[in-house]
Amino acid sequence: MTVNWVEIQDKWQKKWADAKLGVATVSDKSKFFMIFAYPGPSGYPHVGHMRGYSYTDMITRYERMQGKEVLFPLGMHASGNLASGFANKIKNKDEQWITYLRTNGCPEETIPTLITPEAVIEYFNEVYVEDYFKKFGFLCDWDRYTCTTWKDYEKFIQWQFLKLQQKDLLVQKPYFATACVVHGPVAVDPSETDISKGGKAEKQEYTLLKFKFGHDYLVAATLRPETIYGQTNLWVNPLVKYVKVEVEGQNWIMSEQAAEKLKYQKDDVILKEGINVKDLIGKTAIAPGIDKEIPIFPASFVDADMGSGIVTCVPSDAPYDYIALKTLEENQTLQSQYGLNVNVKLIPIIESKGYGEFPAQEIVQKMNITSLEDPKLKDATAEIYKVGHHSGIMRANCGIYAGKRVEEAKELVKQDLIKKHKADVFYDLSEEVMCRCGEPVVIKRIDDQWFIKYSNQELTDKTKEHVASMNIYPKEYKENLPGILDWFQDRACVRLGNWQGSKLPFDDKWIVEPIADSTLYPVFYIISKFTKNGTLKVNDLTEEFFDYVFLGEGKGKKAWKPIKEEFDYFYPLDINLGGKEHKTVHFPVFLMNHVGILRKEDWPQGIFINNWVTGKGSKISKSKGGAEPIPQAMEKYGVDAMRLYYAHIGSPHADVVWDEPVVLNYKNQLEKIYGLVEKLNESNGEAKLIDQWLISRMYKHLQQINDSMKEYSLRELASIVYFTIHEDLRWYVRRGGVNKEVIHEVVSMWLRLMNPITPHLSEELNPSKDLISSSSWPQVNESKINPNAEAGEELIKTAMDGMRNVMKLAKLEKPSTFTLFVSDGWRYTLFGILAEKINETRNVGDIMKTVLAHESLKEHGKDVSRIVQSILKDVSRLPYVVTSREEELAVVKEAQNFLSQEFDCIVKISEDLNHEKAKSATPGKVGILVE
RNA sequence: GUGGACGUGCCGGAGCGGUCAAACGGGCUGGGCUUAGGACCCAGUGGCUUAGUGCCUACGCAGGUUCAAACCCUGCCGUCCACACCA
């Protein structure tokens, strides 16, 4: 059978739109407001993105069916430089990107127009909504769609920053930013949106040690200031060009490259002259902190691009230093070339776990490293650094730091040296980074950088307290959040340069940085409706207006009343859903801005974290595949199959792998269901015993679903609806169920349960005119839950198994006659004394307590455990409620009918309780005799 | 480094102290249907078995708590993720 999914999708999406199902208005119902972290215009959404988005639609559909007034709005986070990055690639006719646009269905004539950020944003505003969200069946309130680069949004952000300032949550202080030498600040991260190279680079804080050298200073950059006590000499590289520069009135000597970088971090770095390396080697300098004169030696491993191009040598704890020293000691030619007499004694300074006095020496010997070229040196350094940092204790010769942990001493030594002007701070990148424009990226000091004061103790405490009352899924994240909030420090919130975004209201050279302008925005969906429909003009969005609507301050104009009413109705936000990448930045700032600015009753109520869809064996990415374009995927699998895949393949809070055959399986499953429902609809027959079973099962499933949906366990919902119920219905059909009324009742329930995950299928299979998407969730009817009916089916299944087994053993192809011996099991009463307890509770622990407490069982002594186990097994098999033997036999009669058909043979029932087969049968089951 | 998560059958993944040789899918094997393939339907899929759903061995490794542990505790090994102008 083939189902035309595309046609079905289009048909129902149109009907939903016509019925305006997504439109949210103030009503007397209770409300449900949910969003997902809006996307940015970085490209087309891929199968990974659609996962979390789909969850939002599933949850809001579920809540809508619970009778809530649902607000599910959407927007585009276009701030930052994603759009300009995108536009630049098209402008530069980047083949890869143009192909990417084509494969994703961008019309040929549109491609050349996407050369400005504005055009890119506009294009994606359209594409996201029309080709992705609507096509995925999302029931959003499109009247509220917003984009962060629109004028009305800017007004809102400016208000937000005014409030932050008024609440003293903004501060200006120096900042060391990663910046392109031409374009200003850029983001250095693995996604490489701003840069063309070096995404993995880290900003490292070096301590710049100043070695007195005559009237000048040699400056050596180190990541381990605490090791100054072990310094034996300085390293310079004879092949590196060194220069003398004037910095803050002093002369510093460093590599030319370092001086270049330092210009961005210090004022007035004036180049004075080049230095001849030969004038350095063999001389001495005064080491800071220990005030000791140490020699300057040559070493080839010193890199002009790293740090200052001068390295202080600590051979006891730095493998490179140790090997370099060894090499030099053994190289008499080199020594005499520079007139050196190298005879260095190692100084033990750190007590590292598992190592002796000289960890560097030890590890180098252990790893058999003899040359500076050995790549293992890197690992050795990392290992020593790790052990030293982690477990190290400063030894007795380390002055006032003796006995302190390395971790602690590091910071103290640094601070102390800086205070005494014997050191400075220098930032550098751990590897080379290039801007998209081809210029190098450096670390640049910005003096008047604005920060949001997330370190504010009151704000942090209030937020932590609020988190405790929130609904957060998964719960592990709820436990982590307080820690994250404590750790969260002040964060730069504006940037200089040509970015998309809102201007800072009181200092308009700054553009609000994209993370800072996406923190409080759920409130804006209240406003966007009115700016879009013309009720509000951009100029109406004054501080007074926002204060009135969002904070309830002031009297407000009459025209603002309905807007405030909407805000008061829909706020607070019930759930904000976002990927796990948002855990440490987006969600904390989202919370803190709400807490910092809004009234307590408007603080968010919930967070839902969804994990990723990964490619097979690797992260999903545009180049590596796995990023199957959605339009093609929708056609190939159908939207419902994809939604079901998302819901069922794994917990929302675990990563899953995008695996085509698996998605096809889900499509297949849906088609099986489609076929089954069609077949069921043709049924028109008698009521049978099995009807009660089916109805009972359905209500039990519903109960279970309702239970798990309290936590939005979409996987559980999917599992029951698409697999367990499907299986039940197949059994129903197999057992000859044909009751039209029952089928109608069950299918109608089933379709409604399907709506959150596969809305199109549910509508398509619905015979009635009313939309399932606007119907209500089925109600549990406990009186229809019938344990006896279920027990009966259990018996039939067991008898079937038994018969099959017996046939196999007797090697019978087709026996003529079976006799079923009904054991006395239904009234079987484990040890007599337990009967009451078992009837009272099915809880094994409770039964257990009775067993253990009972005198007469003590005789079983040491073997209690075993007895307990056997009792428990029997408990589990006792089919629910003890009834009369007549009822028992009625069920067996049912089995008799069914089994004789199934096996095409004669099935008899014997009531002979003394027959050996009846006696040997497990309680609650049947003994079987075959002839 | 800091913080977090995870490790179950041929595979994906349930189970979160007793109804567990382990749901549900997939794969594989056998049977049915069919001209054939696909789809669909049925059965089987740790080992041994005196056949009684009985015994044994299993849920990364090693211990511990308990009448009872895949599930709780401790240590170890391994995998993955987030860490601040990327949203």
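Sequence lines set the chain letters: A, B, ... in the order given, protein chains first and strands last, and positions in each chain run from 1. Values in this document were obtained by computation on a predicted structure and should not be read as measured data.
When base pairs are accepted only as Watson-Crick or G-U wobble with both N-N or N-O distances under 3.5 Å, RNA chain B takes part in stems of 3 or more pairs at B:1-7 with B:77-83, B:10-12 with B:24-26, B:27-32 with B:40-45, B:46-48 with B:54-56, B:60-64 with B:72-76.
Side chain to side chain, A:Tyr722 and A:Thr758 meet the donor-acceptor criterion of an N or O pair below 3.5 Å. Side-chain atoms of A:Tyr473 and A:Asn610 form no donor-acceptor pair, as typed in the model, at a separation below 3.5 Å.
B:C73 sits 34 Å from B:G25 when the C1' atoms are compared, rounded to a whole Å. For the C1' atoms, the distance linking B:A22 with B:C40 amounts to 28 Å, nearest Å. Nucleotides B:C61 and B:G13 place their C1' atoms 23 Å apart, quoted to the nearest Å. With both ends at atom P, the span from B:C59 to B:C11 equals 15 Å, rounded to whole Å. Here, B:G37 and B:A43 have their C1' atoms 23 Å apart, quoted to the whole Å. Straight-line distance between the P atoms of B:C24 and B:A14: roughly 15 Å, to the nearest whole Å. Separating the C1' atom of B:U65 from that of B:C55 is a span of 28 Å, rounded to the nearest Å. Rounded to the nearest Å, the gap between the C1' atom of B:A21 and that of B:A70 is 12 Å.
In this structure, A:Tyr38 does not reach the B:A87 phosphate: none of its side-chain N or O atoms is under 4.0 Å from OP1 or OP2. The phosphate of B:A43 (OP1 or OP2) has a side-chain N or O of A:Arg734 nearer than 4.0 angstrom. Contact check, A:Lys672 against B:C40: a side-chain N or O comes under 4.0 Å of OP1 or OP2.
A straight line from CZ of A:Phe587 to C1' of B:A87 spans 12 Å, rounded to a whole angstrom. Distance OH (A:Tyr128) to P (B:A87): 13 Å, rounded to an integer number of Å. Separating the NZ atom of A:Lys583 from the C1' atom of B:A5 is a distance of 7 Å, rounded to the nearest angstrom. If you take CZ of A:Arg697 and P of B:C24, they are 11 Å apart, rounded to a whole angstrom. As rounded to whole Å, 21 Å separates atom C1' of B:G4 from atom OH of A:Tyr473. Here the P atom of nucleotide B:C24 and the NE2 atom of A:His701 are 12 Å apart, to the nearest Å. Rounded to whole Å, the distance from CH2 on A:Trp510 to P on B:C85 is 14 Å. Between the NZ atom of A:Lys475 and the P atom of B:C6 there is a distance of 9 Å, rounded to whole Å.
Look at A:Lys414 and A:Glu226 and you find no salt bridge, because none of the NZ, NE, NH1 or NH2 atoms lies under 4.0 Å from a carboxylate O. A salt bridge is absent between A:Asp728 and A:Lys700: the closest approach of a Lys/Arg side-chain nitrogen to an acidic carboxylate oxygen does not fall below 4.0 angstrom. No salt bridge links A:Lys173 with A:Asp447; every basic N to acidic carboxylate O contact stays at or beyond 4.0 Å.
Interface remark: the A:Glu581 side chain does not form any donor-acceptor pair with the B:C81 base, using a distance-only criterion of under 3.5 Å.
In this structure, A:Phe587 and A:Phe590 have perpendicular ring planes: the angle between them is above 60°, well past the 30° mark. Taking the six-membered ring for Trp and thresholds of 30 and 60 degrees, A:Trp731 and A:Phe898 have ring planes more than 60 degrees apart, a perpendicular arrangement. Aromatic ring pairs are classed by plane angle as parallel below 30°, tilted from 30° to 60° and perpendicular above 60°; the pair A:Tyr53 and A:His49 is parallel.
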Enumerate the protein-to-nucleotides 12-17 of chain B contacts in which both atoms are nitrogen or oxygen and the separation is below 3.5 Å.
from, atom 1, to, atom 2, distance (Å)
B:G13, O2', A:Arg715, NH2, 2.7

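The nucleotide whose nearest atom lies closest to any side-chain atom of A:Arg730 is, among B:C42, B:A87, B:C85, B:C42. Here B:C81 is the nucleotide among B:C41, B:C85, B:C81 with the atom lying nearest to any side-chain atom of A:Trp612.
Heavy atoms of A:Lys580 sit under 4.0 angstrom from primed sugar atoms or phosphate atoms, though from no base atom. Using a 4.0 Å heavy-atom criterion, one finds that A:Asn668 contacts the sugar-phosphate atoms exclusively. When heavy atoms are screened at a 4.0 angstrom cut-off, A:Trp487 is found touching base atoms of the nucleic acid.
Applying the 6.0 Å contact sphere to NZ of A:Lys475 captures no more than 12 heavy atoms from other residues, nucleotides or ligands. Environment of NZ in A:Lys444: sparse, with no more than 12 heavy atoms of neighbouring residues, nucleotides or ligands closer than 6.0 Å.
Considering A:Tyr666, A:Tyr645, A:Trp658 as possible partners of A:Tyr637, the one that fulfils the ring pair (Phe, Tyr, Trp, His ring centres under 6.0 Å) test is A:Trp658.
With A:Trp510 as the aromatic partner, A:Lys503 does not meet the cation-pi criteria of under 6.0 angstrom to the ring centre and within 45 degrees of the ring axis.
RNA chain B is contacted by A:Phe723, A:Glu727 of residues 720-728 of chain A, taking any non-hydrogen atom closer than 4.0 Å.
Each of A:Gly40 and A:Phe488 lies near RNA chain B, and the nucleotide nearest A:Phe488 is the one positioned closer to the 5' end. Two residues, A:Gln669 and A:Cys493, neighbour RNA chain B, and the one matched to the more 5' nucleotide by heavy-atom proximity is A:Gln669.
The aromatic ring centres of A:Tyr477 and A:His653 sit 6.0 Å or more apart.
Put simply, A:Tyr175 rests on the base of B:C85: the two rings are less than 5.5 Å apart at their centres and nearly parallel, under 30°.
Between A:Leu577 and A:Gly52, the shortest heavy-atom contact is CD2-O, 3.3 Å.
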